[in-house]
2 protein chains.
Amino acid sequence: MGRGRVQLKRIENKINRQVTFSKRRSGLLKKAHEISVLCDADVGLIVFSTKGKLSEYASDSSMERILERYDRYSYAEKKMKEPDLESPASWSLEHAKLKARMEVLQRNQKHYMGDELDNLSTRERQNLEHPPEGSLKHTRAREI
Amino acid sequence: MGRGRVQLKRIENKINRQVTFSKRRSGLLKKAHEISVLCDADVGLIVFSTKGKLSEYASDSSMERILERYDRYSYAEKKMKEPDLESPASWSLEHAKLKARMEVLQRNQKHYMGDELDNLSTRERQNLEHPPEGSLKHTRAREI
DNA sequence: AAATCTATGTATAAGGT
DNA sequence: TACCTTATACATAGATT
C-alpha cells in the first residue's frame with residue numbers, strides 16, 4: 001500500500017507504528033461497519049493498541065449482545081462436537097477458561113452489588129429491584 | 001471497489017450479498033491480522049453472517065483472553081467515569097447487561113459441571129480438581 | 001500527534017469459466 | 001457453488017506541513 005510493499009512483521013519504528021496503527025484502525029473499523037451494513041452481518045471488533053487503549057465497533061446490536069451471542073454459539077458448537085470425554089485435560093482447560101471469565105464478571109457484580117450498593121439511597125435500591133419502565137428495553141430489543 | 005461504486009446499504013440481491021460477504025469477510029480477517037502483527041495490537045473480531053454462521057479472528061492471545069481483557073477494561077472505564085449514582089435507571093441497565101451475560105456463562109458452567117460431569121470417571125473428576133501438569137499453562141501464558 | 005498530499009499497492013464488483 | 005479475471009475504487013506508506 002502506498003509507496004512500497006509492506007512486510008508482515010512488527011513495525012519497529014515506534015512513530016511509524018503508531019501512525020500506521022491509527023490509519024489502519026480507522027480503515028478496519030470502516031470495513032467492519034461496511035460489511036455489517038452491506039451484508040447484514042452482526043459484527044463485533046475489539047482492538048487494543050500497544051499502549052492498551054481500546055477501540056471497538058459493534059453493529060446494530062451492542063457489543064454486550066454480540067458477546068452473549070458468541071458465548072452461546074461457542075457453547076452450542078462445543079455440544080455439537082460432543083465434549084471430548086477422552087481427554088479430560090483439554091476439557092478442564094476449557095472449564096478453566098470459562099471459570100476465569102466468570103470470575104471477572106463476578107468481581108464486577110460484587111463491586112456493583114456490594115461496595116457501591118451501600119452508597120445508594122433506599123429509593124435507588126428499589127429502582128434496582130424494580131427498574132423504571134423503559135430502562136431495560138434496550139436489553140431485549142433484538143433476539144438472536 | 002471493483003466495477004462500480006458501492007452504496008452503503010444492505011445488498012438486496014441474496015446471491016450478491018452472500019458473495020460480497022464471503023469476499024469482504026476474508027478481507028476483514030486479513031486486515032485484522034495485519035494490524036495485529038504490524039502494530040502489535042491485540043485484536044478480536046467476531047462476525048456472524050446473516051445465516052448465523054460464525055467467523056472469528058483473535059491475535060496471539062485467544063478470543064477468550066481478549067474478551068476477559070475487554071470486560072476488565074470496560075469495568076475499569078466505568079470506575080474512572082465514577083458510577084453515575086445520580087441516574088439509577090441507566091445504572092441498573094448496566095447491571096442487567098452484566099447479569100444477562102453472567103447467566104449465559106453460568107448456564108454453560110452448569111452443563112459442564114452438572115450433566116456432563118456425571119459421565120466422567122472418578123479419575124477424570126480428580127483431574128478436574130487437580131489438573132495434570134501443563135494443562136493450564138496456556139491460560140497464564142500472557143498477562144495483560 | 002493530527003491533517004493533507006500522492007504514488008502505489010490492494011481489495012473487490014462484475015463477469016466469466 | 002466455488003474459483004478465475006480484470007477494470008476500478010479504495011486504502012495507505014511515506015513525505016510534507
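Just so we're on the same page: letters track the sequence lines, and every chain starts at 1.
- For the side chain to side chain contact (heavy atoms under 4.5 Å, CB included) test, residues two or more places apart in sequence or in another chain that qualify with B:Leu8 are A:His33, A:Glu34, A:Val37, A:Leu38.
- The end-to-end axis angle of the helix from C:dA2-D:dT17 to C:dT17-D:dA2, rounded to 10 degrees and based on five pairs per end, is 40°.
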What do the steps show when you test A:Thr20 against A:Gln18 for side chain to side chain contact (heavy atoms under 4.5 Å, CB included), and what is the final call? CA-CA 5 Å; A:Thr20 293; A:Gln18 162 58 34; over 6 Å; no
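- By the side chain to side chain contact (heavy atoms under 4.5 Å, CB included) test, B:Leu29 pairs with B:Arg25, B:Leu45, B:Tyr57, sequence neighbours left out.
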Using the side chain to side chain contact (heavy atoms under 4.5 Å, CB included) rule, take B:Lys53 and B:Phe48 through it: C-alpha gap first, then chi angles, then the decisive distance, then the call. CA-CA 5 Å; B:Lys53 189 193 160 196; B:Phe48 284 101; over 6 Å; no
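- Side-chain atoms of A:Val43 and B:Ile46, non-hydrogen and from C-beta on, never get closer than 4.5 Å to each other.
- Distance from the side chain of A:Arg3 is smallest to D:dG14 among D:dA11, D:dG14, D:dA7.
- Between the CD1 atom of A:Ile35 and the C1' atom of D:dC10 there is a distance of 16 Å, rounded to whole Å.
- Within residues 5-29 of chain A, the residues that have a heavy atom under 4.0 Å from DNA chain D are, in order of number, A:Val6, A:Thr20, A:Lys23, A:Arg24, A:Gly27.
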Apply side chain to side chain contact (heavy atoms under 4.5 Å, CB included) to the pair A:Ile66 and A:Ser59, showing each step before the final yes or no. CA-CA 9 Å; A:Ile66 289 176; A:Ser59 51; 4.0 Å; yes
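- With a heavy-atom cut-off of 4.0 Å to chain A, the contacted part of DNA chain C has its first and last nucleotide at C:dA1 to C:dT12.
- Note: the hydrophobic cluster containing A:Val47 also contains B:Leu28 (ILVMFWY, side chain heavy atoms under 4.5 Å, direct or indirect links).
- Between A:Lys31 and A:Ile35, every side-chain heavy-atom pair lies at or beyond the 4.5 Å cut-off.
- Atoms OG and CZ, from A:Ser26 and A:Phe21 in turn, are 10.0 Å apart once rounded to the nearest 0.5 Å.
- In terms of position along DNA chain C, the nucleotide closest to A:Gly2 lies nearer the 5' end than the nucleotide closest to the other residue of the pair B:Gly4 and A:Gly2.
- In this structure A:Arg10 satisfies the side chain to side chain contact (heavy atoms under 4.5 Å, CB included) test together with A:Glu12, A:Arg17, B:Asp40, sequence neighbours excluded.
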